[in-house]
Amino acid sequence: MSKEPSDTRGEAGFGVRLGTHRVRALHEITARLDMEEHGMRGEARVDATELIGVPADYRSEARLEAGNKNLTAGWVTSAIPDGTEVAIDVRNSVMLNEHVIGQLLTAGIDHNEVAWSMAMWFGANPVVPGLKPFRETIAVAMPVAGLELSDEIDLDPVRITADRELIEIMAKPLNPSSEKEAFLAAGVWAVMRIEALLLWVADDAAIPVLEAAIDRLALEMQFSLASSPDGTVLPWARAVVFTDPRVVRTTLAHGHRSGRTWMRSIDNPPVREPASARRVHLPAEPTDPTWIDAVRAWRRAVREPDGLASVGAIFEAVEFYASATKLPDALTPAELEQVRAAMSGLEVPDGVRKRLSEVLAMTNQPPLLERLVAALEADAVPYSQSEIDALWRLRKLRNKALHGAKRGKAEKNDLEIAYAFVNRMLVFRAWHSSGAVEST
């Protein structure tokens, strides 16, 4: 099995927790303040052999520890093999570096609000003594691509408009720039007004509502039944099948009373890496087409900005990965017949009897967790119970939402663990399928 080892060497001394796995440090670890990055930083050296075949993963949160004491928590920024050792650098200011401001134009905003907003944007929970919230109506607009508009569409509380004059009024406090001109040239915008104390609060509340409104619009446009739910016969043009209105993930927020305004891109700009960034070269691609389907689902999960939608794609990848796993039947054919015979003698309504039969038919269909663990073992994938737990916390969150409970928010580190874990499954499946494991 490739679970967390029971060996606890280093627990009383210095260690590095890489994701869910702790590795013994070879020397004393000292965490210090990094004046350049305004955060804590620490380095550790570990035995390279202790990183082999264990779930020591660099993507999710890391910790430098002295016994049970946490010296600093953060993220691994580099791990450099050096002979029989690996030098690992951990910093807790990574969020400030990894959130790249692709576009931020501001006007009339107090510098304390800018500082607070950027910290929130980067995932921190800041305390800014000089922050002075001011409640007012804030208009938030996002450009809409792939849509021509002759009349405004009211999707309360969102308005889809081609009113450039309105957008120009909102953007007027901002200095001229190519980004501003591109926003104004969009031609169609989704706009809503919201009462809020700060621009970031208004942005954060408005973005999912604006995106959902455009998704609703696409749903309405691509409705293909001959008649509407009220019985009205509808016209049809084949081209509507290919309509794809979508928001451009840039916001323009403007306070009506204060005049404070910003225009910002929500996502990081794309990062270009050289091809040498491949950390592992897979010998071959598995012949099973479900592997490709799983990779594509994993890619959707990593790209998806909405946490809950990302979890759905994660488990699509997991389902594809585990789909071919075969486990022994829980009941033999003879035992199934015995159970059916016993059920036939029960005095229950026909509906209950049918439901019992359906459940019995699923007896030899093992649950996903069992199939996943069997697949991990078959592919010799290093994993920990903590990673399984993180994955199933996300599944529970998704299932609650699917069954009508309040929509929850996925923990960022659980998502990072899941992205890394599913990536690892697929790499090991490809490696194992090629016969490389047996040949090494």
- Query: Going by atom types alone, do Y383 and E377 pair a side-chain donor with an acceptor below 3.5 Å?
  - Reply: yes
- Query: In Å and rounded to the nearest 0.5 Å, what is the CG to CG distance from D203 to L199?
  - Reply: 7.0 Å
- Query: Is there a donor-acceptor pair under 3.5 Å between the side chain of Y321 and the backbone N or O of E316?
  - Reply: no
- Message: I'd like to check L376 versus L372 (side-chain heavy atoms, cut-off strictly below 4.5 Å). Are they in contact?
- Response: yes
- Item | Taking every non-hydrogen atom, the tightest pair across A44 and V16 | CB-CG2, 3.4 Å
- Between L308 and R398 the two heavy atoms that sit nearest each other are CD1-CA, 3.8 Å
- Heavy-atom donor-acceptor pair, K180 side chain to L174 backbone, under 3.5 Å: yes
- Task: Determine whether the side chains of T20 and S384 contain a donor N or O and an acceptor N or O closer than 3.5 Å.
- Result: yes
- By ring pair (Phe, Tyr, Trp, His ring centres under 6.0 Å), which residues pair with W392, not counting sequence neighbours? F315
- Measure from the side-chain N and O atoms of T325 to the backbone N and O of A322, and report whether any donor-acceptor pair falls under 3.5 Å. yes
- Query: Any Lys/Arg nitrogen of R216 or E220 sitting under 4.0 Å from an Asp/Glu carboxylate oxygen of the other?
  - Reply: yes
- Cationic tip of R264 within the cone over W121's six-membered ring, i.e. under 6.0 Å and within 45° of the normal? yes
- Item | Main-chain N/O of Q103 paired with S265 side-chain donor or acceptor, under 3.5 Å | yes
- Message: Do the side chains of R159 and D154 get close enough for a salt bridge, i.e. N-O under 4.0 angstrom?
- Response: no
- Item | Heavy-atom side-chain proximity of L51 to V23 below 4.5 angstrom | yes
- Query: Taking only residues two or more places apart in sequence or in another chain, which ones pass salt bridge (Lys or Arg N to Asp or Glu O under 4.0 Å) with R41?
  - Reply: D34, E43, D89
With a cut-off of 3.5 Å and sequence neighbours excluded, list every side-chain donor-acceptor pair involving residues 231-248.
from: T232; atom 1: OG1; to: D230; atom 2: OD1; distance (Å): 2.8
from: T243; atom 1: OG1; to: V240; atom 2: O; distance (Å): 2.7
from: R246; atom 1: NH1; to: D244; atom 2: O; distance (Å): 3.3

- Indicate whether any N or O donor in one side chain lies under 3.5 Å from an N or O acceptor in the other, for N92 and W75. no
- D163: partners by side chain to side chain donor-acceptor pair (under 3.5 Å), with sequence neighbours left out: none
- Query: Is there a donor-acceptor pair under 3.5 Å between the side chain of W189 and the backbone N or O of F183?
  - Reply: yes
- Item | Check: L184 main-chain N/O paired with R164 side-chain donor or acceptor under 3.5 Å | yes
- Query: Given the rule in the side chain to side chain contact (heavy atoms under 4.5 Å, CB included) test, do E152 and I160 qualify, once you have shown the distances and angles that lead to the verdict?
  - Reply: CA-CA 6 Å; E152 288 193 347; I160 313 300; over 6 Å; no
- Item | Side-chain touch P157/V209, heavy atoms, less than 4.5 angstrom | yes
- Message: Applying side chain to side chain contact (heavy atoms under 4.5 Å, CB included) to T106 and T261, what does each step give before you reach the verdict?
- Response: CA-CA 6 Å; T106 66; T261 307; over 6 Å; no
- Note, N423 side chain near W298 side chain (heavy atom, < 4.5 Å): yes
Without placing hydrogens or testing angles, list every side-chain donor-acceptor pair under 3.5 Å for residues 129-148, not counting sequence neighbours.
from: E136; atom 1: OE1; to: H256; atom 2: N; distance (Å): 3.4
from: E136; atom 1: OE1; to: R257; atom 2: N; distance (Å): 2.9
from: E136; atom 1: OE1; to: S258; atom 2: N; distance (Å): 2.9
from: E136; atom 1: OE1; to: S258; atom 2: OG; distance (Å): 3.4
from: E136; atom 1: OE2; to: S258; atom 2: OG; distance (Å): 2.5
from: E136; atom 1: OE2; to: R260; atom 2: NE; distance (Å): 2.8
from: E136; atom 1: OE2; to: R260; atom 2: NH2; distance (Å): 3.2
from: T137; atom 1: OG1; to: E195; atom 2: OE2; distance (Å): 2.4

- Message: Are I29 and T72 packed together at the side-chain level, in the sense that at least one heavy-atom pair is separated by less than 4.5 angstrom?
- Response: no
- Message: How long is the straight-line distance from CG of L219 back to CZ of F223, given to the nearest 0.5 Å?
- Response: 9.0 Å
- Query: In terms of side-chain geometry, is the basic nitrogen of D306 or R407 positioned less than 4.0 Å from the acidic oxygen of its partner?
  - Reply: yes
- Can you find a heavy atom in the side chain of L64 that is under 4.5 Å from one in the side chain of R17? no
- Query: Can any side-chain N or O of H403 pair as donor or acceptor with the backbone N or O of N399 at less than 3.5 Å?
  - Reply: yes
- What pair of heavy atoms forms the shortest contact from A317 to V422, and how long is it? CB-CG1, 3.9 Å
- Hey, what's the ring geometry for W200 with W116, parallel, tilted or perpendicular (30° and 60° as the breaks)? perpendicular
- Item | I88 vs V46 side-chain heavy atoms within contact, under 4.5 Å | yes
- Message: Does this structure show an ion pair linking E411 with R393, if we count only N-O contacts that are shorter than 4.0 Å?
- Response: no
- Message: Go through it in stages, so that I can follow the logic: the residues are E61 and K412, the test is salt bridge (charged side-chain N to carboxylate O under 4.0 Å, His left out), and I'd like the CA-CA distance, side-chain angles, deciding distance and then a yes or no.
- Response: CA-CA 10 Å; E61 288 181 355; K412 183 180 186 302; over 6 Å; no
- Query: What closest approach, in Å, do A420 and R59 show between heavy atoms, and which atom pair accounts for it?
  - Reply: CB-CB, 3.9 Å
- Query: Under 3.5 Å, side chain of W291 to main-chain N/O of L426, donor-acceptor pair present?
  - Reply: yes
- Given side chains that start at C-beta, do those of E285 and I292 come closer than 4.5 Å, heavy atoms only? yes
- Message: I'd like to know if the side chain of W431 reaches the main chain of L282, judged simply by a donor and an acceptor atom lying under 3.5 Å from each other, with no hydrogens or angles considered.
- Response: no
- Note on the structure: The side chain to side chain donor-acceptor pair (under 3.5 Å) partners of R424 (sequence neighbours excluded) come to D57, E387
- Lys/Arg-Asp/Glu bridge criterion (N-O < 4.0 Å) met for R249, E211: yes
